[in-house]
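Here the structure is a predicted model, which means the values were calculated and not measured.
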Amino acid sequence: MAGLSFFSAQLRCLSIALLAVQFLCISSKPAARNAVSSILAESNRIVPDYKLIAILETAPLVWLHSDDPFRPADLLEHIRHTTPTVDQKAIHDLPKLDLDNLALLNNVSSGEVALTSNDDATTLPAWLFGSIPDESGRIANATPCVVILVEQSARDVDAFFFYFYSYDRGANITQVLEPLNRLIEDTEHGMHFGDHVGDWEHNMVRFRDGKPTGIYYSQHAGGSAYGWDDAALSMKDERPLVFSAYGSHANYASSGVFYSDHVHDAALIDYCDAGKLWDPVLSAYFYHLDPESFALTRLFSSESNISTTSNLTSFFYFTGIWGDAQYPDDDSRQKTVPHFGLKRFVSGPQGPIVKDLVRKGLYPNQREKKPWMQWAVGIFMSCMEDAEPRRTRLD
């Protein structure tokens, strides 16, 4: 009897333990499910005030360079000034394209589709210059920003702030560090290389329990990341400041004091300053992205701005490039920097869909591979730096 009683007691303990485990499993499943759809809990797709306030109060503010003529540009206006092409040839028999049907271009050809400028880009038509923010930081009558909220879990949300420009002006000889600049023949005086139609840059702010914990700044093929309490960040009313580089629009946490502060591709300098302040979220589209299904849903901040006729999500799924494809060498518009093979015009970028929106950390999961020439330049410049360290001030 004592043995049976002991066995019964053990069985009861085991049953209680199993019930506890079962309860934990059941109770955890709805939380995981809600983690992906909590912002979409409201059927009308209005972002709850407490979530929206947390995101907007910590949204980046962008300092555009004072001398940069290429400002943020309206997405739809850009599409209207381009024609889809493959291998430099126009695609015919297409409907009028807009933000609601752009992804149909993914199925019209096996080749890469490019949104090619209807004008000769070398003439710099007016639409390439974008729009200037007003004194409040708002860009009127244009929407050059896309905000995408990715709920990784019930506690973790990544807010992506994508900035669009219709033109990217690359570096010229004045932006090449010594002594490499002496090796480049400036055959086309003042020529910029790496120019392209269309330009996407972004910041990503990571939230834990509604509070920001870190931020990522995109810079060409790479970027920089900081914890929210990092002293390197500049803040204005508790919002992080972003310094957009002249021409390239790469994003930095400071304006930079030394030449080496904003060096990219081992030998090229980006220039930043506090020129014109832009508040991107004042003229933005807002979306929720399900990290599992990759379904994009448009969000609204109030009943008054809900559109029942348009979701404006198709442009996100377009996998082609947002500008001209790189011109061939025999094109009169194309030039090549001797010895280094740098092109005056390169292909436009792909859109937000390829920017690693479901990330483990602040950095993209996949880093872009460097071409062999960039590796060689990096080694050369590193050797020169070891031989003669340089910290020359920009001013």
Tell me whether K343 is salt-bridged to D329, with the criterion being a basic N under 4.0 Å from an acidic carboxylate O. yes
Mark yes when over 12 heavy atoms from residues, nucleotides or ligands other than L124 sit less than 6.0 Å from its CG; otherwise mark no. yes
Which distance, rounded to the nearest 0.5 Å, do you find between the CD of E292 and the CD of Q152? 10.5 Å
May I ask whether L282 and L56 are part of the same hydrophobic cluster, defined by side-chain heavy atoms of I, L, V, M, F, W, Y residues being less than 4.5 angstrom apart, directly or through others? no
Check the side chains of T83 and N118 for a donor-acceptor pair under 3.5 angstrom, ignoring hydrogens and angles. yes
For atom CG of N141, is the number of surrounding heavy atoms from other residues, nucleotides or ligands below 6.0 Å larger than 12? no
Worked check of side chain to side chain donor-acceptor pair (under 3.5 Å) between D273 and S66: CA-CA 7 Å; D273 71 11; S66 55; 2.5 Å; yes
When the ring centroid of F70 is compared with that of F129, is the distance short of 6.0 Å? yes
When rounded to the nearest 0.5 angstrom, what is the spacing between OG in S244 and OH in Y271? 15.5 Å
Examine the side chains of H249 and D199 and answer whether a donor and an acceptor come within less than 3.5 Å of each other. yes
Short question: side chain of D237, backbone of R239 - any donor-acceptor pair under 3.5 Å? no
Answer with yes or no whether the hydrophobic clustering places W322 together with L296; edges join I, L, V, M, F, W, Y residues whose side-chain heavy atoms lie under 4.5 Å apart. yes
Whether the side chain of D324 engages the backbone of T116 through a donor-acceptor N/O pair (distance < 3.5 Å, no angle test) should be reported. no
Grouping I, L, V, M, F, W and Y whenever their side-chain heavy atoms are under 4.5 Å apart, do L61 and F164 come out in a common cluster? no
Residues I132, K276; criterion side-chain contact (heavy atoms from CB on, under 4.5 Å); working and verdict: CA-CA 8 Å; I132 300 175; K276 191 72 174 177; 4.0 Å; yes
Is there a donor-acceptor contact under 3.5 Å from the side chain of H78 to the main chain of Y165? no
Salt bridge present between R169 and D195 (N-O < 4.0 angstrom): no
Under the 3.5 angstrom rule, does the side chain of S314 hit a backbone N or O of L102 as a donor-acceptor pair? yes
Could you please spell out the steps behind the side chain to side chain donor-acceptor pair (under 3.5 Å) verdict for D156 and S153? CA-CA 5 Å; D156 302 301; S153 72; 2.9 Å; yes
Using modelled atom types and a 3.5 Å cut-off, is there a donor and acceptor pairing between side-chain atoms of H220 and backbone atoms of G222? no
Main-chain N/O of L233 paired with D230 side-chain donor or acceptor, under 3.5 Å: no
Measure the acute angle between the ring planes of Y163 and W278, then classify it against the limits of 30° and 60° as parallel, tilted or perpendicular. perpendicular
For S136 versus D279, what's the shortest heavy-atom pair and its separation? O-CB, 4.5 Å
Would you find a donor on one side and an acceptor on the other, under 3.5 Å apart, between the side chain of E112 and the backbone of G320? no
Give the intermediate values and the outcome of side-chain contact (heavy atoms from CB on, under 4.5 Å) for residues L115 and L105. CA-CA 10 Å; L115 299 181; L105 296 177; 3.9 Å; yes
Would you please indicate yes or no on a ring centroid separation below 6.0 angstrom for Y252 and F243? no
Intermediate values then yes/no, side-chain contact (heavy atoms from CB on, under 4.5 Å), D119 and W127: CA-CA 10 Å; D119 306 287; W127 63 273; 2.8 Å; yes
Are V146 and Y216 linked, directly or through intermediate hydrophobic residues, by side-chain heavy-atom contacts shorter than 4.5 Å (ILVMFWY only)? yes
D68 side chain to G247 backbone, donor-acceptor under 3.5 Å: yes
Under 3.5 Å, is there a donor-acceptor pair between the side chain of R138 and the main chain of E135? no
Show me the donor-acceptor pairs within less than 3.5 Å that the side chains of residues 89-98 make with the rest of the protein, sequence neighbours left out.
residue : atom : partner : partner atom : Å
D98     : OD1  : D100    : N            : 2.8
D98     : OD1  : N101    : N            : 3.2

What verdict does the side-chain contact (heavy atoms from CB on, under 4.5 Å) test give for T122 and F345, after you've listed the backbone C-alpha separation in whole Å, the side-chain angles of each residue and the deciding distance to 0.1 Å? CA-CA 10 Å; T122 63; F345 285 100; 3.7 Å; yes
Anything under 3.5 Å between a donor and an acceptor, one on a side chain of residues 349-366, the other on a protein residue two or more places apart or in another chain? List them.
residue : atom : partner : partner atom : Å
Q350    : NE2  : T319    : O            : 2.7
D356    : OD2  : N365    : N            : 2.8
D356    : OD2  : Q366    : N            : 2.9
R359    : NE   : D356    : O            : 2.7
R359    : NH1  : L362    : O            : 2.9
R359    : NH2  : H202    : NE2          : 2.9
R359    : NH2  : K355    : O            : 2.9
Y363    : OH   : A225    : N            : 3.3
N365    : OD1  : K360    : N            : 3.0
N365    : ND2  : V358    : O            : 2.9

Heavy-atom nearest pair, T58 first then W228, reads O-CH2, 3.8 Å
For N311 and T313, what are the C-alpha separation, side-chain angles and deciding distance, and is it a side chain to side chain donor-acceptor pair (under 3.5 Å)? CA-CA 6 Å; N311 284 323; T313 56; 5.3 Å; no
Please determine whether a side-chain nitrogen of the Lys or Arg among R333 and D331 lies less than 4.0 Å from a carboxylate oxygen of the Asp or Glu. yes
Which distance, rounded to the nearest 0.5 Å, do you find between the CD1 of I139 and the OG of S283? 5.0 Å
Determine, for F193 and R344, whether the Lys NZ or Arg CZ falls below 6.0 Å from the six-membered ring centre while staying within 45 degrees of the axis. no
Grab the two heavy atoms, one from Q88 and one from P328, that are nearest each other, plus how far apart they are. NE2-CD, 4.1 Å
Verify ring-ring contact (aromatic ring centres under 6.0 Å, His included) between Y317 and F294, making sure each step is shown before the conclusion. CA-CA 10 Å; Y317 295 103; F294 232 59; 7.3 Å; no
For Y226 together with Y217, are the ring centres under 6.0 Å from each other? yes
Specify the closest pair of heavy atoms between P60 and V242, including all atoms of both residues, with the distance to one decimal. CB-CG2, 3.6 Å
Return the CG to SG distance between L64 and C272, rounded to the nearest 0.5 Å. 10.5 Å
Does N251 form a side chain to side chain donor-acceptor pair (under 3.5 Å) with Q219? I'd like the steps, not just the answer. CA-CA 6 Å; N251 297 316; Q219 299 156 1; over 6 Å; no
Roughly how far, to the nearest 0.5 Å, is the OG atom of S117 from the NE2 atom of H196? 14.5 Å
So does Y327 get a backbone contact from the side chain of Q334, meaning a donor-acceptor N/O pair under 3.5 Å? yes
Shortest non-hydrogen pair, S109 vs G111, comes out as OG-N, 3.0 Å
Let me check something: do V62 and I55 share a hydrophobic cluster, defined by ILVMFWY side-chain heavy atoms less than 4.5 Å apart, either directly or through other members? yes
Mind telling me whether Y285 and Y287 have parallel, tilted or perpendicular rings, with 30° and 60° as the class edges? tilted
Over 60° means perpendicular and under 30° means parallel, so classify the ring planes of W200 and F315, tilted if in between. parallel
What's the separation between atom OG1 in T336 and atom CE in M191, rounded to the nearest 0.5 Å? 7.5 Å
So, for D270 and A250, which heavy atoms are closest and what is the spacing to 0.1 Å? OD2-CB, 3.6 Å
